[in-house]
Amino acid sequence: MTQLAFDLAGKAAFAREDFFVSPANAQALAAVDAWHTWPSGKMLIVGPTGAGKTHLAHLWAHAAGGIVIAGDDLAQADLTRLPQAVAVAVDDADLVMAEEALFHLHNLVTQAGALLLTATTPPRDWGLRLPDLFSRMQATAITRLQAPDDALLAAVLVKLFTDRQIAVQPTLIAYLVMRMDRSLGAAQTLVATLDAHALAAGRPITRALAADVLDSQPDA
């Protein structure tokens, strides 16, 4: 079981109970839980899109009493109001355009607080131009998330269907896992699409309906 931010009603749910643990994310979760031991008070989670980085960032911020800032919002964040002993997660740090702001945040927070960053690639691939920021990001410990495995995707699909009060056969779950895009976001989208099609057609969610939906998707 691993993580997932369930967005069934238009709001992402980042609760601990919504995070399913599997071999794909167990190491990263353990690193987040051990945040008091991070070298220099900072950690970078690297993993593919849809693997659960944002959910982990929110879990950590809740546990550490901190905040989460989207990387592309960092330029607009008022960093002068942050106390030094604060926990800050920068989600999608590889999308940060305001390098000076990230540099300032790093120096402010790591003096007495803790800094978590998430990204799809390690810092060497971010295209950083500020040498001091590059060296600090390169010196940040990394934990990795893998793409969701079959067990995780199956658990997530079951949870998503259950949250919608939809009962489906285990064979359907196995069929979806084999054919869907391998991300937690894809699982959310697929379940929502199947539910919408079933309601519109006045029919249950079966393998035949799933096949129609999957065949209609460009990347299926």
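Quick caveat, the model's predicted, so the values are computed rather than measured.
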For the side chain of [X] and the backbone of [Y], is there at least one donor-acceptor N/O pair under 3.5 Å apart?
X    : Y    : answer
W35  : A31  : no
S22  : A24  : yes
K53  : T120 : no
H197 : T193 : yes
Q146 : P23  : no

For P123, the option from L133, D94, I142 that meets side-chain contact (heavy atoms from CB on, under 4.5 Å): I142

Among D132, L130, L102, V96, which one satisfies side-chain contact (heavy atoms from CB on, under 4.5 Å) with M137? L102

Between the side chains of R182 and D149, is the shortest nitrogen-to-carboxylate-oxygen separation below 4.0 Å, so that they form an ion pair? no

Does atom CD of Q138 have more than 12 heavy-atom neighbours from other groups under 6.0 Å away? yes

Strictly by side chain to side chain donor-acceptor pair (under 3.5 Å), give each pair with a member in residues 204-213 just once, sequence neighbours left out. none

With sequence neighbours excluded, tell me which residues meet ring pair (Phe, Tyr, Trp, His ring centres under 6.0 Å) with W38. W60

Report yes or no: do V158 and Y175 belong to one cluster of Ile/Leu/Val/Met/Phe/Trp/Tyr joined by side chain heavy-atom distances under 4.5 Å? yes

